[in-house]
Amino acid sequence: AQTVTQSQPEMSVQEAETVTLSCTYDTSENNYYLFWYKQPPSRQMILVIRQEAYKQQNATENRFSVNFQKAAKSFSLKISDSQLGDTAMYFCACVDDKIIFGKGTRLHILP
Amino acid sequence: EADIYQTPRYLVIGTGKKITLECSQTMGHDKMYWYQQDPGMELHLIHYSYGVNSTEKGDLSSESTVSRIRTEHFPLTLESARPSHTSQYLCASSELGQGTSGANVLTFGAGSRLTVL
């Protein structure tokens, strides 16, 4: 069965530090997509970054990058130079023929 | 700027009332979804649709129903609201195809927060 596991329910880091959010997944498909979504407090869920499983190169979007380890089925999100506006719930998702979300990691950026 | 709109944003109603949560998107997306989410908690898929006249139940059992008469519109209805229905309801949409830049990327609405007294 398709599963997505985020092992860190909550994290706190100081502003300007680098933080890594963990995500592992399981799927029997060869063709799938992986996503990180961000949900700021009382605000809309938005896409942070996406990765196609067939691409070896790790996706990068400005301060956000992923470490995609296909064999280990791991898809961690690294946030560099963290900012107060990065405070949010972060959800990892795996899409093959279904979309499965992890339970989320609540990230606090401290001033 | 959101291209998917949910109304109402907030609703407080009494037990037994019938309510409809509206969701509309202007992106021409074929796939649409309804998620239930308690604040700060995980998402639960309750309904989805692949296109017009297509509706499917999600992973979480729900007493709500949906319809998809038009591509852009995917309303969710509760015939008789109960306090256990108190939650946030998120609508989302995505392209149907594979291999496109937007494939499988969900665009979310701002949510409808329902409180049933």
Side-chain angles (χ1 to χ4, degrees), chain A residues 1-12 21 23 25 27 29-55 59 61 64 66 75 87-108, chain B residues 1-7 9-10 23-25 27 29-50 54 56-60 87-115:
Chain A
Q2 187 187 18
T3 60
V4 175
T5 302
Q6 293 181 247
S7 59
Q8 304 147 313
E10 195 159 1
M11 300 179 71
S12 297
L21 280 58
C23 174
Y25 62 93
T27 175
E29 299 292 326
N30 288 320
N31 191 23
Y32 55 92
Y33 299 80
L34 297 163
F35 300 86
W36 279 98
Y37 287 90
K38 170 185 178 182
Q39 187 179 36
S42 300
R43 292 180 59 190
Q44 203 157 340
M45 183 96 74
I46 58 172
L47 176 70
V48 176
I49 200 164
R50 66 175 287 191
Q51 175 84 41
E52 291 92 340
Y54 63 85
K55 289 188 177 178
E61 288 286 342
F64 298 87
V66 298
F75 183 62
T87 291
M89 282 287 289
Y90 287 82
F91 292 94
C92 178
C94 176
V95 180
D96 43 35
D97 62 335
K98 293 178 67 174
I99 301 174
I100 300 295
F101 283 88
K103 293 186 176 183
T105 295
R106 187 185 306 274
L107 177 64
H108 302 274
Chain B
E1 186 76 35
D3 294 314
I4 183 164
Y5 304 96
Q6 291 187 239
T7 58
R9 290 291 314 279
Y10 302 93
C23 177
S24 295
Q25 50 96 5
M27 298 168 285
H29 286 170
D30 287 302
K31 295 176 84 169
M32 295 189 74
Y33 312 82
W34 277 104
Y35 288 90
Q36 185 173 341
Q37 183 191 31
D38 290 329
M41 303 296 285
E42 62 188 294
L43 298 162
H44 296 285
L45 179 66
I46 50 175
H47 296 284
Y48 60 100
S49 167
Y50 288 112
S54 155
E56 304 286 344
K57 289 190 179 294
D59 303 317
L60 180 68
S87 190
Q88 175 164 252
Y89 294 83
L90 297 178
C91 183
S93 69
S94 70
E95 294 179 13
L96 184 61
Q98 294 282 339
T100 64
S101 62
N104 298 302
V105 176
L106 293 180
T107 301
F108 283 87
S112 292
R113 184 153 296 179
L114 173 65
T115 301

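Just so we're on the same page: letters track the sequence lines, and every chain starts at 1. No experiment lies behind these values; they were computed from the predicted model shown. Note: hydrogens, waters and symmetry copies are ignored here, and every other heavy atom, side chains too, is used.
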Closest-packed option against chain B by number of heavy-atom pairs under 4.5 Å, given A:Lys98, A:Met89, A:Gln6, A:Gln39: A:Gln39
Least distance between heavy atoms, B:Met41 atom then A:Phe91 atom: O-CZ, 3.4 Å
Shortest non-hydrogen contact from A:Tyr37 toward B:Asn104: OH-O, 4.1 Å
From B:Tyr33 atom OH to A:Ile99 atom CD1, the distance as rounded to the nearest 0.5 Å: 3.5 Å
Per-residue contact mode, B:Gln6 against chain A (heavy atom under 4.5 angstrom): neither
Interface moiety of B:Leu90 toward chain A, non-hydrogen atoms closer than 4.5 Å: side chain
Most contacts with chain A, counted as non-hydrogen pairs under 4.5 angstrom, among B:Arg113, B:His44, B:Gln88, B:Glu42: B:Glu42
B:Leu45/A:Phe101 under side chain to side chain contact (heavy atoms under 4.5 Å, CB included): CA gap, chis, key distance, verdict: CA-CA 9 Å; B:Leu45 179 66; A:Phe101 283 88; over 6 Å; no
